[in-house]
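Just below is one structure, and these are the notes that go with it.
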Amino acid sequence: MSAPLLQVSGLAKRFGGIVATDDVSFAIPEGELHALIGPNGAGKTTLIAQLSGSIVADGGRIAFAGADITRLPMPKRSHIGLARSFQITSLFLDLSVLDNVALAVQAHAGHSFSFWRNARAEAGLRVPAREALARVGLADRAERSTASLSHGEHRLLELAMALASKPRLLLLDEPMAGLGPEESVRMVEMLRALKRDYTILLVEHDMEAVFALADRISVLVYGRIIATGSPDDIRANEQVREAYLGDAETAHA
Amino acid sequence: MMPALTLRNIVVGALMVALILLPVYAQLADDRFLMTLFTRIIILALAAVSLNLILGFGGMMSFGHAAYLGIGGYAVGMLAKEGIMNGFIQWPVALGASALFALIVGALSLRTRGVYFIMITLAFAQMAYYVVSGIARYGGDDGLTIYKRSQFFEPLNLSNKTQFYYLCLAILFGAIYLVRRLVNSRFGMVIQGARSNDVRMRAIGFSPYRYKLVAFVIAGTLCGLAGALLANHTDFVSPSVMYWTRSGDLIIMVVLGGMGTVIGPVIGAVTLLVLEEVLSGITEYWQIILGPLLLLVVLFARGGIDGLLTQLGERLRRGRPS
Amino acid sequence: MTLFIEQCLNGLQFGLLLFMLAAGLTLVFGIMDLVNLAHGSLYMLGAYFAATFAAFTGSFILGAVLALAATLLVGMAVEVIALRRLYGRDHLDHVLGTFGLILFFDEAVRLIWGPEGLSLPLPSWLNASIQVLPGVQYSAYRFSIIVVTLFVAAGLYILVMRTRVGMLIRAGASNREMVGALGVNIKLLYTLVFGLGAALAGLAGLMQAPILTVQIGMGENILILAFVITVIGGIGSVRGALVAALLVGFIDTLGRSYLPDILRELLSPAAASTLAPALSSMLIYLLMAIVLIFKPEGLFAAGRK
Ligand SMILES: Nc1ncnc2c1ncn2[C@@H]1O[C@H](COP(=O)(O)OP(=O)(O)O)[C@@H](O)[C@H]1O
Ligand SMILES: [Mg+2]
């Protein structure tokens with residue numbers, strides 16, 4: 001088997017006294033949907049942030065497609081194929097929905113020192129953007145102003161923007177946060193479809209969704225990975241049940 | 001594509017036509033003052049249009065934009081003082097000096113954010129102000145009289161009021177068109193994205209700094225051109241054109257007219273300067289009215305006049321049974 | 001040598017005076033997140049009030065005390081009537097709104113006091129020289145400015161670091177919600193902080209009044225210096241404001257008096273006399289540029305969210 005697409009080893013990050021990432025190591029092979037679960041404040045978002053480059057790790061190493069990217073700035077990471085969707089929606093609220101996605105396409109379509117040609121008429125930007133919107137089911141919202149969309153639609157738009165950058169690895173931070181039951185079902189279907197085409201690291205609280213979708217699961221508690229394995233392994237893991245799952249499942253019941 | 005016949009577009013169109021026909025009226029009514037006033041308005045509108053590129057579209061809250069008015073003006077004035085009247089030398093120098101200053105200020109200030117950016121652009125403009133105030137050869141505090149306007153080819157003669165008016169107007173229209181192209185280009189999408197959400201821009205793979213810097217330089221250069229025009233218009237340039245309150249005036253024009261629309265700053269410049277004329281005709285203490293008025297605009301009319309016109313138009317349209 | 005000591009004292013005096021102005025600016029920004037351009041207007045009002053009240057009461061000290069109280073009240077009134085509505089808005093709104101206030105205040109002053117400007121004569125006991133060091137004479141008035149501002153700076157330090165109000169001020173700077181949750185009347189706190197900043201600006205203005213003429217627009221030049229200081233010191237940091245104010249005070253004063261000589265050593269007299277005024281007024285901006293290249297958030301960047 002070839003080297004994994006993403007290889008994290010000994011990653012560490014502290015915020016003052018809080019150890020948010022504590023000697024984290026794991027690997028994601030090409031094609032896997034890897035879920036990252038753990039209680040609130042476990043350090044999941046912080047980990048995603050270090051992978052996408054918005055936070056610099058204190059120590060450890062991140063390798064992507066064989067290259068060391070530990071110190072690579074965020075825009076460059078996007079160019080080698082890492083795409084992130086934000087837990088807290090982060091969009092261009094004052095631009096149109098299509099503009100949002102087209103910008104993501106544009107970022108990966110050569111430089112943008114083009115001053116004269118109308119970018120909103122460039123098929124090379126607009127067509128892929130519409131495709132990404134269609135993929136998440138927002139095709140009919142393309143011309144709307146982004147601020148006018150619902151929360152659920154914002155979550156989908158987050159996803160569309162990540163897709164538009166033609167990523168090799170999708171970093172999805174709680175894509176279902178705040179969605180209603182119907183929207184959640186739709187999102188799970190979407191993720192199931194995406195799984196066929198992309199390698200995905202999925203942070204998610206919805207256990208049903210995680211166990212239905214994930215190839216493998218890592219459990220993060222207080223910044224440490226306490227277990228990694230197939231859904232069945234994790235379900236059976238005593239430590240995980242104690243630290244986390246037990247609570248979550250009773251909470252679900 | 002024909003623009004839709006909305007209230008806002010009708011007003012904008014009427015304004016443009018009025019600007020084009022103004023010299024005809026002034027000629028008929030023999031109103032010299034009106035020509036002088038509106039030449040000035042057009043030049044400052046050009047400065048406001050340039051500021052709007054970075055402020056309205058790029059979200060860069062520059063508080064030192066008047067510096068470029070001064071730099072452009074002093075380039076013309078200093079060269080004239082040294083006996084170089086040729087506009088083909090004066091104007092490129094004016095643009096080049098403005099671009100260079102913008103490059104330096106932008107490179108430093110764009111590394112910072114928020115209030116730091118505001119204050120740094122402000123401070124650098126003040127620095128330019130003090131520097132020219134200190135150069136005795138070019139008039140120091142008292143300013144520099146320009147005895148001869150920039151010379152171009154025959155028959156273009158800047159001393160002819162009508163010619164000069166139309167030259168300024170043509171440049172203003174050209175600048176509006178330029179900004180329009182710019183903001184709709186890839187480049188424009190990037191600076192608007194950076195205004196809207198800088199972190200997300202970086203996350204999707206842009207490094208906005210370079211683009212913002214280029215926008216900053218373009219805006220400075222364009223304003224330097226306004227400075228060269230202004231110096232020719234007043235036959236004079238003094239440090240006071242770059243005093244920080246002048247930068248404040250430019251911001252007022254942009255916000256009053258409507259940020260982030262290409263035409264907004266023109267509406268703002270016309271409104272502010274005409275309002276100034278009217279108010280100062282009513283009372284010597286007209287700023288005591290303008291000040292609170294400004295506060296009210298900030299509090300209640302953030303879309304500026306352009307936004308109000310659009311809203312009003314919508315309301316009229318909806319009120320009308322169709 | 002005596003001249004050098006005198007220039008150093010001048011630098012110290014100017015720096016401390018600038019600190020009075022910058023402290024208010026940086027407090028208001030740090031706590032309310034408000035960019036207040038009208039801060040210079042309060043400085044101007046302090047000077048006008050002092051000149052008026054001193055002439056009215058016949059006493060310099062009484063005039064100064066009344067002027068201080070009046071600036072405090074005007075500051076609080078401005079906060080309650082206008083600025084309160086600008087909290088939480090973006091900085092552009094602050095800039096425009098407070099720019100409007102400047103226009104208003106300048107014109108109001110012209111309306112009330114006329115366009116000529118006033119002067120505030122010193123009482124004879126301050127209008128003298130005293131011996132500050134063996135063989136070194138110094139203006140009693142300037143020396144008293146140094147003493148007063150040092151006391152005020154110490155008081156400010158104790159207020160911010162040692163008292164309950166100060167704790168709230170510091171908490172407010174880093175955590176608005178927490179202060180609110182503590183059940184503190186945040187509106188009142190803000191009004192008081194703004195009044196305090198206004199009084200400090202007024203104090204600076206009234207102390208400058210006998211040295212400069214009291215005139216419209218006097219606050220606008222010095223406001224920019226105060227901005228430069230808050231930027232160099234780190235916005236929101238009172239300590240940074242103190243350090244930066246002293247730096248700017250010294251560099252500006254010493255630069256103006258010694259730069260021409262230094263340039264004459266290096267260049268032709270003609271070139272030196274052309275360059276010196278321009279260069280010496282650039283010095284503090286150069287300082288700011290250098291600080292920002294290495295520390296874009298200023299020397300003592302307050303912990304930002
Ligand atoms: N920028 C920051 N500064 C200080 N502490 C932080 C910061 N970001 C996250 N933390 C802390 O790190 C821990 C992990 O947070 P986070 O990664 O958001 O957890 P999760 O996404 O798993 O809920 C929490 O205790 C949080 O308070
Ligand atoms: Mg999280």
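Letters A, B, ... are given to chains in the order of the sequence lines, protein chains preceding strands, and every chain is numbered from 1. All values reported here derive from a predicted model rather than from experimental measurement.
Residue B:Ala136: no heavy atom, backbone or side chain, is found under 4.5 Å from chain C. Looking at B:Ser109, there are no atoms closer than 4.5 Å to chain C (heavy atoms on both sides), in backbone or side chain. Proximity to chain B is limited to the side chain of C:Ile102, based on heavy atoms less than 4.5 angstrom apart. Only the side chain of B:Ile118 comes within less than 4.5 Å of a heavy atom of chain C; its backbone N, CA, C and O stay farther away. If you measure heavy-atom distances from B:Leu293 to chain C, you find no contacts under 4.5 Å at all. Residue C:Val231 touches chain B through both its backbone and its side chain, counting heavy-atom pairs closer than 4.5 Å. Residue C:Asn221 touches chain B through both its backbone and its side chain, counting heavy-atom pairs closer than 4.5 Å. In this structure, the portion of B:Met61 lying under 4.5 Å from any heavy atom of chain C is its side chain and not its backbone. Only the side chain of C:Ile224 has a heavy atom closer than 4.5 Å to any heavy atom of chain B. Using a 4.5 Å cut-off between heavy atoms, C:Leu223 contacts chain B through its side chain alone, with no backbone atom that close.
Pairing each heavy atom of B:Ser207 with each of B:Tyr211, the nearest pair is O-CD1, 3.5 Å. Closest heavy-atom contact between B:Gly106 and B:Leu213: C-CD1, 3.5 Å. Nearest approach of B:Leu299 to C:Leu86, heavy atoms of both residues: CD2-CD2, 4.0 Å. Taking all atoms of both residues into account, the shortest heavy-atom contact from C:Ala289 to B:Leu108 is CB-CD1, 4.0 Å.
Taking 4.0 Å as the cut-off between side-chain N and carboxylate O, C:Glu297 and B:Arg113 do not count as a salt-bridged pair.
Taking chain C as the reference chain and counting heavy-atom pairs below 4.5 Å, the highest number among B:Tyr243, B:Phe63, B:Trp244, B:Phe124 is found for B:Trp244. Between chain C and the residues B:Gly134, B:Gly291, B:Ala107, the largest count of heavy-atom pairs under 4.5 Å involves B:Gly291. For the set C:Leu111, C:Leu101, C:Val35, the entry with the most heavy-atom pairs within less than 4.5 Å of chain B is C:Leu111. Between chain C and the residues B:Leu296, B:Leu290, B:Ile252, the most heavy-atom pairs under 4.5 angstrom are made by B:Ile252. Contact count versus chain C (heavy atoms, under 4.5 Å) is highest, among B:Ile135, B:Ile289, B:Leu294, B:Ile288, for B:Ile288. The residue among C:Glu107, C:Met288, C:Met282 with the most heavy atom pairs within less than 4.5 Å of chain B is C:Glu107. Note: B:Ile120 leads B:Leu295, B:Ile120, B:Ile251 in heavy-atom pairs under 4.5 Å with chain C. Chain C forms more heavy-atom pairs under 4.5 Å with one residue of B:Arg137, B:Met119, B:Glu284, B:Gln126 than with any other, namely B:Met119.
Using the six-membered ring where Trp is involved, C:Tyr285 and B:Tyr130 have ring planes that are parallel, under 30° apart on the 30 and 60° scheme.
With no hydrogens or angles considered, a side-chain donor-acceptor pair links C:Arg84 and C:Thr191 at under 3.5 Å. In summary, the side chains of C:Gln215 and C:Tyr48 do not present any donor paired with an acceptor at a separation below 3.5 Å, with no hydrogens or angles considered. Defined by atom type and a distance below 3.5 Å, a donor-acceptor pair is missing between the side-chain atoms of C:Thr253 and C:Asn10.
Side-chain contact between B:Met60 and B:Leu55: absent, with no pair of heavy atoms (C-beta onward) separated by less than 4.5 Å.
Aromatic rings of C:Tyr87 and C:Tyr190 (six-membered ring for Trp) have centroids within the 6.0 Å cut-off, being under it.
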